[in-house]
Amino acid sequence: MFDLNTLNPQQRQAVTHKTGSLLLLAGAGSGKTRVITCRIAHLRQQGVPAEQILAVTFTNKAAREMAERVEEMVGRKETKGMVIATFHSLCLRILKVHIDRLGFKKNFSIYAAADQQRLIRDLLRDIGVKNSSSDADQVLWRISAAKNHFIAADSYQSSDRDPLTTLVATIYPRYQQALKAYNAVDFDDLLMFTVQLLEQHPDLQEHYCQRFQYQMVDEYQDTNLVQYRLLKLLASGHGNLCVVGDDDQSIYAFRGADVAHILNFEHDFPGTKVIKLEQNYRSSGNILTAANAIIKNNQQRKEKALWTESGAGSKIEYLLCEDGEDEARQVMEQIHAEKYRGKLAYGDFAILYRTNSQSRSFEEQLRYENIPYVLIGGQQFFDRKEIKDVIAYLKVIQNPADEVNLLRILNYPKRGIGTGSIDRIIRHSADKKISLWRVLQQVDQVAEVNDRTAIACSHFVDLIQRYQKRFAQPLRLQETLLEMLTELKLAEEIYRQEKDPQIAQRRVANQEELLNSLATYLERTPHPDLAGFLDRISLFDDEIAGKNDKESKLALDAVTLMSLHSSKGLEFPVVFLVGMEEGFLPHKKSIYETFDIDEERRLCYVGITRAQQQLFLLGTQQRRKYGKLEQREPSRFLGEIPEKLLQKSVGEPPRKATLEEEAASATSFFDNIGQMFGD
DNA sequence: GGGTCACCAGTTTTT
DNA sequence: CTGGTGACCC
């Protein structure tokens, strides 16, 4: 239950909007999630059946939170049949039912970055490209960009000017063919294929339009062309589409997101009602004034200004540090001081940076000071080799056509199928146009493979088939996984390979963690099966991923470290926005290559608006980069903040510098500040 | 099959 | 300076 009277007038208007298109321009911290969840609850109370409601988000976390909050409001029973999902999981649901219409089998696999990379690398090697590792990433990147722009493999144009484009034009079609042969799709395919499916099959489009009479989309400013087309397809007819977003927080252009979608929404959906949420419930006045001052320098935007009923609060502190190490030390000092002064916990602090590599100096310092911290991003649980190995087994058991993973495990752990034999098997498979799995099943017919290897292969086939049967029993999933790990002797293999016993132990523990993930999955899934578990893993459901398991999250009081991108949607009492320097924010590439300073400004805006009570901006005068000392300039965005909001201070002068150098650097600093603020 | 060495590249990345 | 990779050699 909820009370409409606890909402402000704009929020109330949005919540009670029933039919037709609605554009909700929701500034940072304006209670956007609350409005969406209340609107869903309200629709239910108005008698809209749960199964007619669809809410789409970008992250699992957002979807989960939304679902939880709706459940709290209307009760679990009332949400049955409602779909609150990410774009990717929505598309996966649709494809699970209809993908046969696109020529795939229903047990298809989802290829994540590692699988894609391996496949691309193999394809590059096939056409004789040497240094395939770095090229693979670039090719993959371009294929992803093409898919986000809805460019299919056969219509990708090669170019005389750019060799990479030519390479992509060659690889992209082969890549799609391989995926199809392996009965696999990648992330971008999930979306692109769903759009194709609905476009080519009007009966399906009709079906889903009817099914989802009331649709809501969060973070609409981040939609790419494919997502946009999907939404248009789903909303056609009734047009009951409510999109929520903030053009000022559009920070995923590099992933194909296009702010134009939110800017043109009123035009795309005539008769759209527009509501702006500008009252901010998160940050103190000075922080909002600074954020507004910065963002108004962007030209292409919907005019809006955040305001708050709370007071001005503390000034924003700008700390100019000597170097990277000094920057980290200053943050520690402030954490100690603020923690004491404000009775805060470690969990109330966040350190935000532009690039993940910036986290290191802070991690070192936090460890040195024994301050607990969590690093968001970076190496993911499922990226670890020992985890990928187990998942490769599960994927092959689910879909033996998946050759990337089949090759990964064929001789791991070692079972006497050497690289030479594998080459011969692959060649045979290619020559005779028989799938690898089939070749392995009838390996005795391959003359080039000796008897001992043939026996090893048939043992392998037998192993996979045995586990296919065992994993088909949903009630025994956990036991079966444990049995498999034991039978494969993966732990022994790890201890044998890894010299450091402590590291080996941790890697084995990671594999055991996968069992916990499976347990979590079993607990919260009505009809669990192996395919479902793999899907959840593939879609990065971090609840299943185990690293966010509830106990550790609640028990751990820790400073958060993350990139500005990952910080969107979150809030912290105290925020340190570090690396406020030209080259980091705005990033060098945006200055010299993409020329999109506005996007960097939005990124800066996102960072600033994460802070509730206190905001620290930090930058350095010099920084070690790739081993070389570099002079740094303060970020241009600092100059866009009204000076009266800022409290500036300079860190320690260089310890080894002479007095003259000290004097010189101090003078130049004040000169710089003077110029920046036009004194 | 495993270990060492030289070479290269280094923005963000919700899924 | 780092981490990751491929080539090469035993």
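Values reported hereafter were calculated over all heavy atoms of this structure, with side chains retained and with hydrogens, waters and symmetry mates removed. Proteins come first, then strands; the chains are lettered A, B, ... in the order of their sequence lines, and each starts at number 1. Remember, it's a predicted structure, so these values are computed and weren't measured experimentally.
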Legend entry - Ring-ring centroid check H565(A) Y353(A), cutoff 6.0 Å: no
Legend entry - Whichever of S590(A) and D188(A) has its nearest DNA chain B nucleotide further upstream toward 5': S590(A)
Restricting to nitrogen or oxygen on both sides, can you table the protein-nucleotides 2-7 of chain B pairs closer than 3.5 Å?
residue, atom, partner, partner atom, Å
dG2(B), OP1, K414(A), NZ, 2.8

Inset, instruction - With P as the reference atom in both, quote the distance from dT13(B) to dT2(C) in angstrom, rounded to an integer. - result: 22 Å
Legend entry - Pairing residues for F193(A) by the ring-ring contact (aromatic ring centres under 6.0 Å, His included) criterion, not counting sequence neighbours: F104(A)
Inset, instruction - Let me know the distance between CG of D186(A) and P of dT15(B), rounded to the nearest Å. - result: 16 Å
Inset, instruction - Taking side chain to side chain donor-acceptor pair (under 3.5 Å) as the test, write out the residues that go with D186(A), two or more places apart. - result: Q116(A), K147(A), Y175(A)
Legend entry - Integer-rounded Å distance: dT11(B) C1' and Q138(A) CD: 13 Å
Inset, instruction - Please state how far atom NZ in K388(A) lies from atom P in dG4(C), giving the value in whole angstrom units. - result: 10 Å
Legend entry - Sugar-phosphate only, base, or nothing, as touched by D535(A) at under 4.0 Å among non-hydrogen atoms: nothing
Legend entry - Whole-Å gap separating C1' (dC1(C)) and CG (D323(A)): 15 Å
Inset, instruction - Provide, to the nearest angstrom, the distance between the CG atom belonging to L124(A) and the P atom belonging to dT5(C). - result: 15 Å
Legend entry - Heavy-atom side-chain contact between K388(A) and I391(A) under 4.5 Å: no
Legend entry - Contact check, side chains of L54(A) and V56(A), non-hydrogen atoms, under 4.5 Å: yes
Legend entry - Test item: N399(A) and K395(A) side chains (from C-beta on) under 4.5 Å apart, heavy atoms: no
Legend entry - dT15(B) base stacked by H88(A) (centroids within less than 5.5 Å, tilt under 30°): no
Inset, instruction - Quick one: list whatever passes side-chain contact (heavy atoms from CB on, under 4.5 Å) with A153(A), sequence neighbours left out. - result: Y172(A), P173(A), Q176(A)
Legend entry - Polar side chain donor-acceptor pair, T609(A) to R282(A), under 3.5 angstrom: no
Legend entry - Any R360(A) side-chain nitrogen or oxygen under 4.0 Å from OP1 or OP2 of dC1(C): no
Might you list the N or O atoms of the protein lying below 3.5 Å from N or O atoms in nucleotides 12-14 of chain B, with each pair's distance?
residue, atom, partner, partner atom, Å
dT12(B), OP1, N356(A), N, 2.9
dT12(B), O4', R354(A), NH2, 3.3
dT12(B), O2, R354(A), NH2, 2.5
dT13(B), OP1, N356(A), ND2, 3.3
dT13(B), OP1, S563(A), OG, 2.6
dT13(B), OP2, N356(A), ND2, 3.0

Inset, instruction - Would you mind reading off the distance between E364(A) atom CD and dT2(C) atom P, rounded to a whole angstrom? - result: 9 Å
Inset, instruction - Starting at atom NZ of K628(A), determine the distance to atom C1' of dT2(C), rounded to an integer number of angstrom. - result: 15 Å
Legend entry - Any residue meeting ring-ring contact (aromatic ring centres under 6.0 Å, His included) with Y208(A), in chain and number order, not counting sequence neighbours: H98(A)
